[in-house]
Amino acid sequence: MLKTLLMTGAAGGVGTALRPMLRELAETVVLSDMADISDVQPHEQFKRCDLSDARGVDDLLEGVDGVIHLGGISVERPFDLIVQGNVVGMYNLYEAARRHSRPRVIFASSNHVVGFYRRDERLDNQVVPRPDSLYGVSKVFGEAIASLYFDKFGIETLSVRIGSCFAKPANPRMLATWLSSRDMLSLCARAFAAPRIGHTVVYGASDNEEQWWDNGNAAFLGWRPKDSSEQWRAEILASLGPEDPANPATLYQGGGFVCGEHPANL
Ligand code: NAI
Ligand code: 15L
């Protein structure tokens, strides 16, 4: 059990879903975001912070013994926005972690690190990144800084290449990529409990029928996802119909991210 867990990006979709379950992991939970959070519970504290503010991030890490880092830009956006949230923000977080007590970090990386692999390719955590967006590139940077800060400063990180973490899958692609918040929570629990994780990359998908990713190299975590997207298959296929196999968004793992507009226009 952690004493004080920091969760950045706590006002977002994943943070909001994880929040009620974090009591299982820590006595006190520090929630942080640049957006407001209401309903702060007795075991929680809220600290507003923009991740691009180095001093603010340094204050956040005070007395923290574990971090779930969700904060940042979570989709394709213009370069400057991504740099502030996901590049400067990651640097600030790891520098603050280094200056304080070097807590273990769960980093919300993304499947968009490997979005330009085809869906018929099965990937392990050693494949060369093939990002499908500037957003995906920023997550490659995030994983790289996590690797550097382990090798140089001993800060351990689990980089989770999250598939699609929503209440339920929204389209046929997400039947393969869906991750329940309950499975995300159990993955975080395994990562905090493991004796040693170094810097490990793991794919975050539930126990779905269709699997694109091989977590064999992270088997030491003992993570067993329990949920499955299968219960929604019929409903999704009935409402959206089959996918066009010639569409790049169907061919590649990153879906619509592979053929999105130029980010400067977003
Ligand atoms: P979200 O967009 O709902 O939440 C992100 C939160 O970060 C927001 O509350 C936003 O206010 C905050 N934020 C953005 N820039 C910030 C900054 N500069 N300083 C402080 N806070 C900032 O995203 P979601 O879906 O909750 O995802 C959480 C994390 O997981 C993100 O890092 C995302 O890239 C990653 N992820 C999510 C996936 C999903 O399926 N939901 C899939 C893959 C990765
Ligand atoms: C992500 O990385 C995004 O944060 C999320 O909004 C979804 O687009 C998800 O990937 C996905 O690929 O479904």
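Numbering of ligands and ligand atoms starts at 1, following listing order.
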Q: Take Leu18 and Met184, measure what side-chain contact (heavy atoms from CB on, under 4.5 Å) needs, and give me the verdict at the end.
A: CA-CA 8 Å; Leu18 289 180; Met184 176 65 181; 4.0 Å; yes
Q: Under the salt bridge (Lys or Arg N to Asp or Glu O under 4.0 Å) rule, what do Lys47 and Glu62 come out as? Steps first, then yes or no, please.
A: CA-CA 12 Å; Lys47 296 187 179 172; Glu62 177 79 51; over 6 Å; no
Q: Step by step, work out the salt bridge (Lys or Arg N to Asp or Glu O under 4.0 Å) result for Glu235 and Lys168.
A: CA-CA 11 Å; Glu235 178 188 322; Lys168 59 184 214 174; 3.0 Å; yes
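Glu143 and Ser109 form a side-chain donor-acceptor contact under 3.5 Å, judged by distance and modelled atom types alone. When only modelled atom types and interatomic distance are considered, Trp223 and Ser186 share a side-chain donor-acceptor pair under 3.5 Å.
When the heavy atoms of Ser110, Gly72, Ala17, Gly9 are ranked by distance to atom 13 (N) of ligand 1, first place goes to Gly72. The nearest non-hydrogen atom to atom 29 (C) of ligand 1, considering only Val57, Leu70, Asp53, comes from Leu70. Of the options Lys139, Arg77, Met34, the smallest heavy-atom separation from atom 15 (N) of ligand 1 is shown by Met34.
Distances shorter than 4.0 angstrom occur between a heavy atom of Ser164 and an atom of ligand 1. Remark: distances from the non-hydrogen atoms of Arg173 to ligand 2 include one below 4.0 Å.
Of the protein's heavy atoms, Phe166 CZ, 3.8 Å lies nearest to atom 5 (C) of ligand 2. The nearest protein atom to atom 10 (C) of ligand 1, hydrogens excluded, is given as Asp33 OD1, 3.4 Å; this is a heavy-atom distance. For atom 13 (O) of ligand 2, the nearest non-hydrogen atom of the protein is Ser164 OG, 2.6 Å. Scanning the protein for heavy atoms near atom 41 (N) of ligand 1, the closest one is Cys165 O, 3.3 Å. Looking only at protein heavy atoms, the nearest one to atom 44 (C) of ligand 1 is Ser109 O, 3.1 Å. Looking only at protein heavy atoms, the nearest one to atom 25 (O) of ligand 1 is Val14 CG2, 3.8 Å. Annotation: atom 10 (O) of ligand 2 to nearest protein heavy atom, His112 NE2, 3.1 Å. The protein atom (non-hydrogen) at minimum distance from atom 36 (N) of ligand 1 is Tyr135 OH, 3.8 Å. Ranking the protein heavy atoms by distance from atom 30 (O) of ligand 1 puts Ala108 CB, 3.3 Å first. Given atom 1 (P) of ligand 1, the protein heavy atom at minimum distance is Ser74 OG, 3.6 Å. At the shortest separation from atom 38 (C) of ligand 1 among protein heavy atoms lies Ile162 CG2, 3.9 Å. Closest to atom 3 (C) of ligand 2, if we only count protein heavy atoms, is Ser74 O, 3.0 Å. With hydrogens left out, the protein atom closest to atom 9 (C) of ligand 2 is Gly163 O, 3.3 Å, a heavy atom.
If you number the atoms of ligand 2 from 1 as listed, the ones under 4.0 Å from a heavy atom of Val75 come out as 6 (O). Taking every heavy atom of Gly71 and a limit of under 4.0 angstrom, the matching atoms of ligand 1 come to 7 (O). Close contacts between ligand 1 and Gly163 involve ligand atoms 40 (O), 42 (C), 43 (C) [criterion: under 4.0 Å to a heavy atom]. Near Cys49, meaning under 4.0 Å from one of its heavy atoms, ligand 1 places the atoms 19 (N), 20 (C). Of all the atoms in ligand 2, the ones that sit under 4.0 Å from a non-hydrogen atom of Phe257 are 8 (O). Within the listing of ligand 2, atoms 1 (C), 2 (O) sit less than 4.0 angstrom from a heavy atom of Ser110.
In this structure, Arg104 contributes its side chain and Ala191 its backbone to a donor-acceptor pair below 3.5 Å.
Contact annotation for Ile162 and ligand 2: no heavy atom of the residue comes within less than 4.0 Å of the ligand. When non-hydrogen atoms are compared, ligand 2 lies under 4.0 Å from the side chain of Asn111 (C-beta onward) but not from its backbone.
Rounding to the nearest 0.5 angstrom, the gap separating the CG atom in Leu60 from the CG atom in Leu93 is 8.5 Å. Between the CG atom in Asn208 and the OG1 atom in Thr177 there is a gap of 7.5 Å [rounded to 0.5 Å]. In this structure, CD1 in Ile82 is found 5.5 Å from OG in Ser138, a value given to the nearest 0.5 Å. With rounding to the nearest 0.5 angstrom, the NE2 atom of His100 is 11.0 Å from the CG atom of Leu6. With rounding to the nearest 0.5 angstrom, the CZ atom of Phe192 is 10.0 Å from the CG atom of Leu187.
Pro131 has its side chain out of reach of Val113: every pair of non-hydrogen atoms, C-beta onward, lies at least 4.5 Å apart. Using a 4.5 Å heavy-atom threshold, the side chains of Val67 and Tyr94 count as separate.
Shown here is Phe46, whose CZ atom has more than 12 heavy atoms of other residues, nucleotides or ligands within 6.0 Å.
Between Gly13 and ligand 1, an N or O atom pair is found at a separation short of 3.5 Å. When only interatomic distances are considered, the shortest N/O to N/O separation between Gly12 and ligand 1 falls below 3.5 Å.
Residue Asp33 comes nearest to Ala10 through the heavy atom pair OD2-N, 3.3 Å, listed as atom of the first residue, atom of the second, then distance.
Put simply, Val105 and Met7 are part of two different groups of oily side chains (I, L, V, M, F, W, Y) that touch within less than 4.5 Å, one to the next.
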